[in-house]
*Asks:* 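First the structure, which I've put down as structure tokens, then a few questions once you've had a look.
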Amino acid sequence: PQLQPTTTTPSSTTTSLTSSPTTTSSTPPITQKVLRIAIGIDADTLDPHGQTTTLISNIMSFITEPLFYYNEKGELIHYLAESYSVSSDGLKVTVTLKKGIKFQDGYPLNATAVKLTFDRLLNPKVKVPSRYLLDALNSTEIVDQYTVRFNLKYAYAPFVRTLTTWYIISPLAYQKLGEENLGKTPIDLGTGPLKFKEWVKGDHITLVRFDDYWGGPVKFEEVVFKIVPEAQTREAMLLSGEVDIVYQPPPADLPKLNATAGVKLAINPSTRVMTVNINTQRGPLKDARVRQALNYAVDKEALIKNVLFNLATLADSPVYPAFFGYSPQKVYEYNPEKAKQLLAEAGYSSGFKLTLMVPTGRYIFDRQVGEALQSYLSKVGITVELYTPDWPTFVQSLIGQNYTSTPWDLCYVGYGMTTPDADAVLYPVFHSSQWAPGKFNTMFYKNERVDKLLDDARREVDESKRLQMYAEAQKIIWEECPWIFLYFQNFVLAHSDKVHGLVVYPYETFDLRWVYATQ
Amino acid sequence: MESRIIRAVDGIDFTVREGDCFAIVGESGSGKSTLGLSLIRLCPGDVSGEILIDGVNLLKLSEDEIRKFRGSKISIIFQEPSSALNPVMKVGDQLMEVFTVHGYSKSEAYQKSLQLLKTVGIPEAEKRMQTYPHQLSGGMKQRVIIAMAIALNPRLVIADEPTSALDVTIQAQILNLLKNLSQSYGLSTILITHDMGVAAELCNRIGIMYAGKMVEIGPLNSIFAIPLHPYTRALMSCIPRSLKENLKPLPGHVPDLSNPPKGCRFHPRCPYAKEVCTLEEPNLEKIDDRLVSCHRVGEI
Amino acid sequence: MMQQYTRLFKSKRVKICLFIILSFIFMALFADFISPYNPLETDLSKSCRPPSFEHLLGTDELGRDILSRIIHGSRLTLTISFVATALGAAAGIFFGVISGYFGGIVDTIIQRITEILLALPGFLLAIMFVAIMGSNLWTVIISVAISMTPSFVRMVRGLTLQVRELEYVLAAKQLGVNDIKIMFNHIIPNVSPTIIAQVTLNLGTSILFASGLGFLGIGVPPPAPEWGTMLGTGRAYIFYAPHLIISPGLSVFLLVLSFNIIGDRLGEIIASK
Amino acid sequence: MELIKGENLSKTYNLKISLTTSIKVKAVENVSISISEKEVFGLVGESGSGKSTLGRLMLFMEKPDSGKVIFKGVDLSRAKKDEVKDARRRMQIVFQNPDLSLDPRMKIYNTLKEALVCCKYKGDFVERIKSVLEEVGLSSETLNMFPHQLSGGMKQRVALARAILAEPDFIVLDEPTSALDVSVQAQILNLLIDLRKKLNLTYLFISHNLSVVSYVSDRVGVMYLGKLVELGNCDEVFNEPLHPYTKLLISSVPALYMTKKFFTQNHTALAENGEENPSGCRFFKRCPYAKELCRVKEPELDGDKHKVACHFA
Amino acid sequence: MGLCYTVGGKPVLSALKYFFYRLLTLAITLIGLVTLIFILIRSIPGDPARVLAGMMASEEDVNLIREQLGLNQPIYIQYFIYLKNLFTLNLGISFRTDSPVINEIFARLPNTLLLAVTSTCTAVIFGIPLGVIAASKKGGKLDFLLSTFSIAGISLPIYWLGLILILIFSVELRILPAGGSGTPMHLILPTLTIALYLMAFIVKITKASVIDSMEKNYVITAKSKGLSERTILYKHVLKNALIPVVTIIGLQFGALLGGAVITETIFAWPGLGRLIVDSINSRDYPMVQGSIFIFALLYALVNLATDILYTFIDPRVRLK
Ligand SMILES: Nc1ncnc2c1ncn2[C@@H]1O[C@H](COP(=O)(O)OP(=O)(O)OP(=O)(O)O)[C@@H](O)[C@H]1O
Ligand SMILES: Nc1ncnc2c1ncn2[C@@H]1O[C@H](COP(=O)(O)OP(=O)(O)OP(=O)(O)O)[C@@H](O)[C@H]1O
Ligand SMILES: [Mg+2]
Ligand SMILES: [Mg+2]
């Protein structure tokens with residue numbers, strides 16, 4: 001059966017979330033008191049700022065909330081923030097907070113809390129994995145009780161959009177716990193609809209309803225996140241009725257699940273763009289024609305359909321469509337003849353050998369995709385050897401090496417972006433100042449025009465000019481092919497049909513605020 | 001696995017009278033142990049013929065009946081005292097078992113066992129009841145086994161090389177014990193041994209076995225004085241007796257019992273063998289006070 | 001000694017097992033000729049097809065013919081099994097005999113190292129080893145070999161300790177035969193029956209071990225058709241296409257079973273001697 | 001002419017008797033014997049009295065804890081490695097258990113060849129082996145056989161052949177016949193006597209069978225719990241034993257032909273196990289003649305030709 | 001043993017000394033092991049700081065973390081610090097969770113032990129009687145069935161078995177939970193998976209051991225006393241036969257802990273096995289070292305316990 005991405009969520013709100021997006025249906029259903037969700041990994045820490053995985057960060061978002069957030073289309077909406085303004089030089093961003101919001105520990109949401117949060121984020125002693133997003137931030141100042149100002153080091157247009165990442169924590173709770181215990185002991189520290197109840201390591205995390213939630217209390221009393229690393233097991237638990245919602249069920253079983261009575265699937269595109277990085281400074285790969293040939297050699301649609309069970313959406317730009325600055329390009333169609341021709345033009349008609357690095361178990365069917373890519377490339381005369389290290393080794397090999405020392409020529413990798421702005425993808429990945437080691441231009445791609453466009457676009461306050469710049473940059477990148485452009489991965493939740501009101505965002509996250517379950 | 005039929009014991013015919021001590025002597029592999037085990041029906045192979053004790057044919061008894069017989073009417077003592085006792089069971093318990101299995105109560109069994117241990121000459125019997133076999137010396141273990149064998153005052157005790165694993169000094173003690181016991185209880189004993197000396201110490205009648213057959217049966221004294229069968233004779237001359245007297249060894253060795261020689265089984269090793277011996281099997285013939293199976297017994 | 005081995009083949013079970021093993025060996029040797037398709041040839045449009053006349057065991061997630069992959073996989077499995085066991089046994093015999101024969105400080109050192117390795121579950125050792133060296137056929141073989149070596153050392157040492165006190169060894173020593181010759185001519189041949197039985201069992205165990213690594217995704221790297229890896233991959237499709245795990249699982253089971261039955265029988269024969 | 005001499009030999013073993021416990025066993029303590037050329041020295045005693053250990057010490061198969069072995073005038077504990085190796089080759093051993101004394105996985109030929117290789121024999125191996133086989137009374141067919149195809153007596157002959165091939169001067173025979181039937185025992189004993197004459201051999205003949213020892217030995221030593229308690233000419237020791245232990249031994253032998261009884265039957269019913277008596281005579285607890293002196297003082301082996309270690313002999 | 005002349009008759013090695021000796025060798029083994037692990041885990045490529053920081057983190061942040069973890073120090077200093085801490089039973093702080101390793105381990109250990117114990121018990125309870133039955137019916141149909149079962153049980157890939165059990169009981173029949181922990185129901189499938197293998201093994205060795213014991217001479221003695229086959233089997237043979245079985249169960253317990261990696265993965269069982277693998281995969285050095293250390297300690301203790309149990313069954317090896 002064909003599966004198309006579906007959206008289970010009804011119409012969205014743009015600026016506030018005072019009302020549930022559900023159709024305010026007539027009969028209030030009998031609700032289940034406890035919601036049980038099977039997830040794949042356990043939290044390492046409960047520190048809202050210390051998260052490295054989308055999933056746990058997602059769970060944190062039920063407890064603590066950011067100033068801005070996004071809706072299910074990926075568009076920016078206001079959350080704890082009432083409004084914002086940017087100074088003309090782009091160096092000062094002022095945010096006004098909503099009034100009357102209380103933290104779970106009773107502390108009122110005010111500028112102090114915001115400043116404390118951002119001061120903590122900038123404190124180098126604190127482990128903040130995504131701190132790079134705050135590179136532009138210099139300091140935070142309190143303007144009045146409900147207004148804060150962010151002073152930037154340089155004009156950085158996407159700044160407001162990065163604020164979706166940072167959860168505001170209660171100064172009271174912070175004081176109570178102290179820096180060293182934050183994250184180890186569950187405590188009421190956010191403004192979100194759910195509070196910590198229990199964390200049994202390796203087994204489950206339980207949250208309970210926060211009755212005074214500013215957006216109105218949720219419709220269940222408790223949610224248990226059961227930690228079940230095996231996708232198969234998670235699925236079986238759903239089928240046997242042990243859980244209500246399953247995070248990322250095994251992709252291969254989706255057709256079957258879809259056909260199973262009582263089970264529903266929520267499949268949504270995500271911002272995670274999957275690509276094959278090409279080391280553009282090495283051998284035949286220096287030649288753009290060769291890189292184009294690689295793009296022509298791969299049947300992306302077949303990959304999506306047969307290997308990924310439609311769990312991906314073909315990419316026509318490195319930038320996610322809902323992001324600011326997205327500009328669609330013409331997809332490289334599957335054309336092995338053209339690929340061979342391009343290779344011949346470049347003088348490689350007899351083929352050559354490459355190493356493709358693929359992580360295992362990190363992305364949907366990553367190893368299978370690797371094998372399929374290998375097979376496709378072999379059909380145009382390129383011999384590919386697979387290298388499948390575990391994740392830490394993979395990361396090390398990806399960003400810990402310079403262009404001569406990478407143990408790979410091609411690398412299958414995904415970039416999940418949380419800032420809905422083209423800059424978030426293009427600057428760190430394609431700007432030549434960002435070459436690895438230590439940074440993310442792991443293709444060692446360099447194009448002066450692109451560099452200039454990206455530099456300028458960052459500082460430009462005028463949004464239409466920015467759009468133009470990004471459009472040009474994307475065009476050049478698309479033509480020069482430092483990637484084999486593949487697809488955006490889809491994100492799946494499976495749930496019992498008794499669960500209603502589940503909202504899924506394109507950031508591989510979901511929202512429980514409107515969820516209710518009938519018995 | 002390839003199977004071979006081994007007739008370890010073939011057509012043996014003998015009687016033991018009440019109170020007698022009958023010795024069965026022969027080389028290793030001649031079938032002595034098999035004979036012993038057959039008598040108590042513990043031999044793994046098929047046994048045919050008749051085993052009569054007080055007129056009861058053991059071979060006709062059911063498995064249950066023979067079990068009641070074992071230990072009470074007929075019992076056996078084995079060669080290796082160290083392996084014949086269960087290493088993880090207390091000596092006392094093993095001894096008491098003989099009584100309990102034949103219907104005695106626990107306390108009776110205990111009392112009787114104590115008494116028995118004293119009878120077989122084990123000092124500090126109470127303490128020994130509580131020990132495990134490995135805490136006893138070989139001689140002591142053999143005494144315990146003897147105690148088990150005589151516990152219910154059986155009609156017949158079969159002793160299969162009871163002393164060959166023991167030192168001479170201890171062997172002397174055990175033989176002494178056996179002698180005393182058979183005198184005081186009037187036991188009938190079958191003593192299996194390959195040592196003529198041991199047989200001489202204890203027994204009044206003797207049977208010489210060769211390759212699964214009895215070749216000579218009779219009173220010990222007369223056989224030792226004038227052995228009639230060539231095998232008996234050869235066996236005697238193999239024993240180093242007085243100092244520096246030359247041995248006359250018997251050539252060759254015991255035949256393979258899965259394929260014994262035709263005719264008289266001893267003929268390949270016999271200095272007197274004639275043609276008849278290679279063809280016809282001799283029968284046990286009565287000569288004076290004994291039975292001998294040899295074609296040429298009169299001539300040599 | 002020869003009789004023992006003829007006795008082995010008297011059993012019907014053993015004959016069947018031997019037949020199974022030989023068929024796998026045959027498959028491994030002539031994989032190129034008998035496998036109906038190229039085991040690496042993908043055809044995404046035919047992915048996860050159930051068994052049919054065209055593909056007797058069906059196709060896998062990339063549309064490759066499973067039968068061909070099983071046939072070619074027997075090559076890998078048997079290679080791992082034989083080479084790893086040979087290496088493990090060789091190392092085990094080497095260190096075990098030395099340790100048992102010489103005793104003293106050499107023995108102490110070897111025993112300590114063995115103990116250390118035995119205190120660490122072999123599987124974890126293998127996981128780490130593969131993580132260090134990267135997974136490829138050789139690292140899998142070596143990690144399987146390493147994980148079986150300590151118990152071999154133990155066993156061989158124990159046997160050597162028994163044999164070295166036997167009279168014929170003492171007699172050879174008294175003659176002045178040198179230690180190396182004694183080890184090669186007297187000790188090793190006399191501990192070998194037990195070792196052979198153990199080796200046979202280990203042939204099976206090593207397959208379970210290697211395919212366990214494959215199952216966890218750290219075995220022989222893709223696209224090699226290693227059975228354990230096939231199982232591990234197929235597991236993701238267990239509901240959708242259960243045939244993906246049936247045949248590799250069955251192959252592992254059959255081969256291991258055959259080695260185990262033969263090994264057991266050998267052990268029995270040796271013990272009954 | 002003295003061939004080999006053991007002086008004050010002692011050997012202690014650690015014997016593990018349970019998981020946590022091991023005890024020290026003084027297998028041989030301060031024993032001296034000397035054996036002349038072409039002599040047969042018999043060694044008797046109960047099981048565990050240290051006969052085999054003494055034999056192994058004399059062969060230098062095992063290093064004594066103290067004391068020395070002098071072979072043909074060379075002190076082996078001081079000699080160089082090569083010398084020791086050479087000397088050891090000139091001293092061979094035949095063991096009790098015929099099943100264990102030959103490598104079951106080696107053809108007889110190879111077993112015997114090993115001996116020749118070791119003594120760097122220059123001539124034709126097959127010839128030499130055949131001739132020695134003949135000497136021990138085996139046919140040359142045996143060469144291609146494995147030990148399990150041979151009977152116990154034949155194996156023992158092969159073991160003897162292996163010893164002889166090394167051209168030894170001295171052979172320790174550690175109960176060479178006790179696993180054999182009387183008939184075969186007699187064959188082997190006669191063979192041993194013949195070979196000694198033919199090859200000018202010297203034997204240390206260990207046995208617990210007194211009649212066998214008396215049959216082959218010139219001199220005899222009696223051991224009890226690691227000590228030599230009596231030593232003398234065979235006839236003297238067996239006909240006029242001085243030590244009570246020797247008397248006990250002799251009278252324990254079933255009376256088929258040995259008629260001399262030195263104890264009444266009751267005496268043999270003495271406590272059967274050798275319990276310790278650390279300071280005095282080791283036989284103290286079993287000895288019917290024991291006095292206070294025996295409990296406190298250990299007797300020395302004393303005497304001229306017929307030596308005895310007893311205060312009251 | 002015959003006669004022996006002892007030195008004062010006193011044991012050279014007392015029970016106390018024996019335990020001291022055992023502890024000493026254990027300590028040496030463990031130090032060797034932690035050293036080995038220390039080296040191995042650091043030889044695996046991949047930077048723990050980078051893993052912690054996340055793929056997109058900046059180099060400065062990574063360096064900062066590296067410093068916080070003490071990974072910037074020379075390796076031998078790290079080693080000595082580690083050893084020093086170990087002597088005070090301080091297993092360190094987990095890189096990943098920032099909390100003491102020991103806490104993390106003790107949160108998981110009971111689960112692993114629970115699984116190990118239930119499955120061992122199940123296997124023993126069924127395996128030993130079945131083994132005895134197979135031995136007493138040697139050559140019969142039942143024996144054939146049981147031996148076939150046992151050899152098949154050992155040859156079955158455990159991960160396959162686990163999946164198939166999930167397929168049957170959780171998905172098709174929907175009577176048992178497929179994974180997770182908490183209620184006794186959760187315990188059933190993983191226990192079954194492990195127990196089946198273990199049971200097959202125990203049946204096999206029990207059978208062999210019983211048959212072996214039945215050929216011993218004391219069995220003939222018992223028969224000659226007039227005891228019935230049954231009594232002999234249960235009163236005489238079994239206790240002897242169990243001695244090797246106990247040792248092997250002890251050894252298997254260790255193997256079982258190792259196998260926990262796979263079972264815990266399949267059944268989402270929050271135990272130590274998974275913790276180790278996860279820690280290896282995230283290069284959480286202190287956690288890997290700590291949990292393997294505890295693992296080995298546990299294994300050694302089980303072996304010690306086996307030894308002690310031994311002395312209860314086998315009077316010949318009494319601890320004095
Ligand atoms: N269970 C058996 N299976 C096969 N053959 C057997 C069995 N028991 C005995 N035999 C054979 O039967 C023959 C007689 O053996 P048996 O043990 O009765 O002799 P023996 O006279 O007692 O010898 P020994 O003096 O060595 O005890 C031997 O050849 C032996 O190999
Ligand atoms: N290798 C050894 N390790 C430990 N103890 C030993 C060793 N060899 C001998 N013993 C002990 O030394 C003592 C003497 O043993 P030895 O073998 O010399 O006695 P034996 O007189 O030859 O006895 P048997 O007549 O039984 O052969 C015995 O108590 C024995 O247990
Ligand atoms: Mg017998
Ligand atoms: Mg000896």
*Asks:* Check D:S252 against B:T169 and note the closest heavy-atom contact, atom names and distance.
*Replies:*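 Closest approach of D:S252 to B:T169: OG-CA, 3.4 Å.
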
*Asks:* Looking at D:V212, D:N190, D:L189, D:I193, which one has more heavy-atom pairs under 4.5 Å with chain B than the rest?
*Replies:*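 Winner by heavy-atom pair count: D:N190.
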
*Asks:* Given side chains that start at C-beta, do those of D:S183 and B:R269 come closer than 4.5 Å, heavy atoms only?
*Replies:* yes

*Asks:* Hey, are the side chains of D:L210 and B:V168 touching, using non-hydrogen atoms and a 4.5 Å cut-off?
*Replies:* no

*Asks:* Which residues satisfy the salt bridge (charged side-chain N to carboxylate O under 4.0 Å, His left out) test with B:K127, sequence neighbours excluded?
*Replies:*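 So B:K127 forms a salt bridge (charged side-chain N to carboxylate O under 4.0 Å, His left out) with B:E124.
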
*Asks:* Let me confirm one number: the CD-CD1 distance from D:E46 to B:I170, rounded to the nearest 0.5 Å.
*Replies:*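 D:E46 atom CD to B:I170 atom CD1 measures 5.5 Å (nearest 0.5 Å).
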
*Asks:* Can you tell me how far CD of B:Q171 sits from NE2 of D:H208, rounded to the nearest 0.5 angstrom?
*Replies:* 9.0 Å

*Asks:* Does D:D181 reach the main-chain N or O of B:S28 with its side chain, forming a donor-acceptor pair under 3.5 Å?
*Replies:*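 Side chain of D:D181 to backbone of B:S28: a pair is present.
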
*Asks:* Taking atom CD as the centre, does D:Q149 end up with more than 12 heavy-atom neighbours from other residues, nucleotides or ligands that are less than 6.0 angstrom away?
*Replies:*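 Yes - once you tally the heavy atoms of other residues, nucleotides and ligands closer than 6.0 Å, there are more than 12.
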
